[in-house]
Structure formats: C-alpha cells, structure tokens
Enquirer: 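Following this message is one structure expressed as structure tokens.
If you're wondering where the values come from, they're calculated on a predicted model, not measured in any experiment.
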Amino acid sequence: MKKFLLNYFAIIMLILFVTYNFIFYNLKIGGLLYQLFMINLIIVNINILVKCKKDIKCKSLVILIYFFIWLFSKNYFQCLFALSTMITLILTGFMESNFIKVISILMLLFFIHFWVPILFICLLLFGTGISEEKGINHIYDDMHYYCENNFEVYSYSLGAMDSFHYSISKHYEFLSIDDIIYISYNKRNEVAKEDYDNYLKSHECRLVSDRDGFE
C-alpha cells in the first residue's frame, strides 16, 4: 500500500487539486490558517516529490495536466501549488525522460513569450492580494448584501474594461473567525439589474459590511 501511494503520489495530489478547484469550485476557504496550511502543504509536497523522485510515476502526464489547468486555480496559493508541483516534476524528471525535456523547453519558451498577458490574466482573475479568492474578489462592498433564507446579492466587475454584473445566489457560511479562517459556499447566479433592485426591495437584506442587523 505504501509503495502504491508513493508511485501514484503525484496523481493522487492532482486528483485532490482538481476536486477542490473544479468539482468543489463554489466552496470558498480562506484566512490565515488556510494560508499557513497551503504553505506547509506546498513544502511537504515538494519534499516528497524530490525525496521519492525515483518512485513517482506518471510525471509527464501530471506535468501536462497542471500546465493546462494551473491558471484556473481558485486563488494564488492553489496556483502556486500547481506551478511548484509542475516545476519540481520537471527538475526531478528532466534527466529521466526525453519527453519531459521537450515539454519543459516548450513550456519555458511559452512562459517567456507570454509572461505579460499571463501576468495580466492573473491580476484580472485573482486580484492583487494573496488572500483573495477568485469569484468573490471582484465584488463591490457597497453593493454586497446578505439576505434572508441564505441568499447573497451583489454587484461585481472584472475591471475597468468590464461592465457591471449582478448576482442573486445561495450563500452558506459554515465557519467564520475574523481573518483567521472562513469556510463558505457561494454559487454565482447572474441576473439583470432590474432583478437585483427588485430583490433588494422585496426581501430583508443587510450590507455585508453592516454587522448590526438587517436594513
């Protein structure tokens, strides 16, 4: 069993990465504890990939999959996990496989050539803060409401080149301790401006920044 786990460690971690970032996309986790957990996970993951490099299988496959999906990560920490795994597998497998040599050179050329648009896309998707979560980092605070029956109503925009968007969606907060840790479920459901305004008028809602009650 231990041998199996070592052989397919990279595959197992990839499955967990895909599960959290894609299957459970609407599950949002953040805060200081999450950040510390991710930093430790990245360090442990790199150490295992390096120490057990001779046992790790499917390196080429894992490298390719991470290359195509890393930019779709939920936040900077998930993105860093994907990139660090990809780079570590390339370094540890470079001398083992001609295929890894070829794809690593092609990837390097790709990042060198497109680093400016890649940086722009990262800033557009994830914002400028390492703690920001994709999907909730573009919400306007003065137009962000929690409403009755676990509904969340807000306006958002991806930047100066994007127009205003409005969402009425379900919001479940499982845990929230200041900036230490939060776990919530947020599913975006875009609606028209008229629906946004009508919902606020016909339901009890409060600004997220207002902790005194509904208004």
Side-chain angles (χ1 to χ4, degrees), residues 5 9-49 66 69-88 121-159 165 167-190 203-215:
L5 291 176
F9 176 78
I11 288 288
I12 293 170
M13 296 305 293
L14 174 61
I15 292 173
L16 292 175
F17 177 85
V18 170
T19 300
Y20 177 65
N21 285 272
F22 296 92
I23 298 176
F24 294 140
Y25 177 80
N26 296 313
L27 181 66
K28 310 296 182 182
I29 304 177
L32 180 60
L33 285 180
Y34 169 77
Q35 295 171 24
L36 293 174
F37 170 78
M38 285 304 303
I39 291 172
N40 280 282
L41 179 63
I42 291 168
I43 294 173
V44 170
N45 182 60
I46 292 174
N47 284 335
I48 293 176
L49 293 177
Y66 273 124
I69 68 174
W70 70 272
L71 197 54
F72 299 96
S73 306
K74 282 186 179 184
N75 53 51
Y76 280 123
F77 286 99
Q78 294 293 322
C79 191
L80 181 59
F81 177 85
L83 288 175
S84 63
T85 300
M86 186 172 67
I87 293 171
T88 304
I121 293 172
C122 284
L123 292 174
L124 188 65
L125 292 176
F126 305 122
T128 56
I130 61 172
S131 61
E132 294 183 358
E133 182 86 7
K134 186 168 68 177
I136 62 175
N137 56 334
H138 301 111
I139 297 175
Y140 291 98
D141 290 338
D142 59 343
M143 302 178 74
H144 186 190
Y145 296 84
Y146 285 157
C147 302
E148 56 188 309
N149 299 321
N150 297 111
F151 271 89
E152 183 179 30
V153 181
Y154 57 84
S155 174
Y156 66 96
S157 173
L158 296 181
H165 303 274
S167 175
I168 300 175
S169 56
K170 278 289 187 178
H171 169 83
Y172 296 97
E173 194 171 86
F174 303 111
L175 179 65
S176 180
I177 306 176
D178 297 325
D179 295 325
I180 298 175
I181 183 72
Y182 72 81
I183 303 174
S184 65
Y185 174 88
N186 309 70
K187 184 176 182 179
R188 178 166 288 171
N189 178 37
E190 189 168 342
H203 294 79
E204 290 189 12
C205 300
R206 67 170 175 84
L207 277 171
V208 173
S209 57
D210 178 18
R211 300 182 181 276
D212 296 326
F214 286 94
E215 60 178 41

Enquirer: Who are the side-chain hydrogen bond (donor to acceptor under 3.5 Å, both in side chains) partners of S155, not counting sequence neighbours?
Expert: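 side-chain hydrogen bond (donor to acceptor under 3.5 Å, both in side chains) check on S155 returns nothing, list empty.
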Enquirer: Report the C-alpha distance between F22 and I69 in whole Å, list the side-chain angles of each, state the deciding distance to 0.1 Å, and finish with yes or no for side chain to side chain contact (heavy atoms under 4.5 Å, CB included).
Expert: CA-CA 10 Å; F22 296 92; I69 68 174; 4.0 Å; yes
Enquirer: Show, in sequence, the C-alpha distance, side-chain angles and deciding distance for I139 and R188, and conclude whether the side chain to side chain contact (heavy atoms under 4.5 Å, CB included) test is met.
Expert: CA-CA 11 Å; I139 297 175; R188 178 166 288 171; 4.1 Å; yes
Enquirer: Measure the spacing between OG of S176 and CG of D178 and express it to the nearest 0.5 Å.
Expert: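 Output value for this atom pair is 7.0 Å.
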Enquirer: What distance separates I177 CD1 from Y182 OH, expressed to the nearest 0.5 Å?
Expert: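 So the CD1 of I177 and the OH of Y182 are separated by 13.5 Å.
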Enquirer: Which heavy atom in L14 sits nearest to a heavy atom in Y66, and how many Å separate them?
Expert: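 Nearest pair, atom of L14 first, then Y66: CA-OH, 3.4 Å.
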Enquirer: Closest heavy-atom contact between N45 and M13?
Expert: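 Nearest heavy atoms, N45 then M13: OD1-CG, 3.8 Å.
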Enquirer: Could you work out, with side-chain contact (heavy atoms from CB on, under 4.5 Å) as the rule, every residue matching N26, not counting sequence neighbours?
Expert: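 Partners of N26 under the side-chain contact (heavy atoms from CB on, under 4.5 Å) test: Y185, K187.
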Enquirer: May I have the step-by-step check of side chain to side chain contact (heavy atoms under 4.5 Å, CB included) for T85 and F17, ending in yes or no?
Expert: CA-CA 11 Å; T85 300; F17 177 85; over 6 Å; no
Enquirer: Holding to ring pair (Phe, Tyr, Trp, His ring centres under 6.0 Å), I want the full list of residues that pass it with F9, two or more places apart in sequence or in another chain.
Expert: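 Ring pair (Phe, Tyr, Trp, His ring centres under 6.0 Å) list for F9, sorted by chain: empty.
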Enquirer: Which residues satisfy the side-chain contact (heavy atoms from CB on, under 4.5 Å) test with I87, sequence neighbours excluded?
Expert: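 For I87 the side-chain contact (heavy atoms from CB on, under 4.5 Å) partners, ignoring immediate neighbours, are L91.
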Enquirer: Given the ring of Y76, does K74 sit roughly above its face, with NZ or CZ under 6.0 Å from the centre of the six-membered ring and within 45° of the axis?
Expert: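 Output no; distance or angle outside limits.
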Enquirer: Say you draw a straight line from CD1 of I12 to CG of L16; how long is it, rounded to the nearest 0.5 Å?
Expert: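 The CD1 atom of I12 sits 7.5 Å away from the CG atom of L16.
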Enquirer: Does CG in D179 sit with more than 12 non-hydrogen atoms of other residues, nucleotides or ligands closer than 6.0 Å?
Expert: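 No, not enclosed.
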Enquirer: Do Y145 and H203 touch side chain to side chain, with heavy atoms closer than 4.5 Å?
Expert: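 They are not in side-chain contact.
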Enquirer: Taking only residues two or more places apart in sequence, or in another chain, which ones meet I11 in a side-chain contact (heavy atoms from CB on, under 4.5 Å)?
Expert: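 side-chain contact (heavy atoms from CB on, under 4.5 Å) list for I11, sorted by chain: Y8, I15, C58, L61, V62.
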Enquirer: Counting only heavy atoms not in D141, do more than 12 fall under 6.0 Å of its CG?
Expert: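 Incorrect, the count does not exceed 12.
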Enquirer: Are the side chain of S167 and the backbone N or O of V153 linked by a donor-acceptor pair below 3.5 Å?
Expert: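 Side chain of S167 to backbone of V153, a donor-acceptor pair under 3.5 Å: no, none is there.
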Enquirer: Identify, with sequence neighbours excluded, every residue that meets side-chain hydrogen bond (donor to acceptor under 3.5 Å, both in side chains) alongside H144.
Expert: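 side-chain hydrogen bond (donor to acceptor under 3.5 Å, both in side chains) list for H144, sorted by chain: E152.
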Enquirer: For S169, which residues count as a side-chain hydrogen bond (donor to acceptor under 3.5 Å, both in side chains) partner, sequence neighbours excluded?
Expert: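 S169: no side-chain hydrogen bond (donor to acceptor under 3.5 Å, both in side chains) contacts found.
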Enquirer: Taking atom CZ as the centre, does F24 end up with more than 12 heavy-atom neighbours from other residues, nucleotides or ligands that are less than 6.0 angstrom away?
Expert: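 No, the 6.0 Å shell around CZ holds no more than 12 heavy atoms from other groups.
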Enquirer: Rounded at 0.5 Å granularity, tell me how far CG in N186 sits from OH in Y172.
Expert: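 One finds 11.5 Å between CG of N186 and OH of Y172.
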Enquirer: Run the side-chain donor-acceptor check on residues 77-84: report pairs under 3.5 Å with partners two or more places apart or on a different chain.
Expert:
| from | atom 1 | to | atom 2 | distance (Å) |
| --- | --- | --- | --- | --- |
| Q78 | OE1 | N21 | ND2 | 2.9 |
| Q78 | NE2 | Y34 | OH | 2.9 |
| S84 | OG | L80 | O | 2.9 |
| S84 | OG | F81 | O | 2.9 |

Enquirer: Calculate, to the nearest 0.5 Å, the distance between atoms OH and OH belonging to Y20 and Y25 respectively.
Expert: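 These two atoms lie 11.0 Å from each other.
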Enquirer: Enter the distance from N75:CG to Q35:CD here, rounded to the nearest 0.5 Å.
Expert: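 With rounding to 0.5 Å, CG (N75) is 9.0 Å from CD (Q35).
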Enquirer: E190: which residues meet the side-chain hydrogen bond (donor to acceptor under 3.5 Å, both in side chains) condition with it, sequence neighbours left out?
Expert: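 In terms of side-chain hydrogen bond (donor to acceptor under 3.5 Å, both in side chains), with neighbours along the sequence ignored, E190 is linked to Y156, H165.
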Enquirer: Sequence neighbours excluded, which residues qualify as ring pair (Phe, Tyr, Trp, His ring centres under 6.0 Å) partners of F151?
Expert: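 Scan of F151 (ring pair (Phe, Tyr, Trp, His ring centres under 6.0 Å), adjacent residues dropped) gives Y199.
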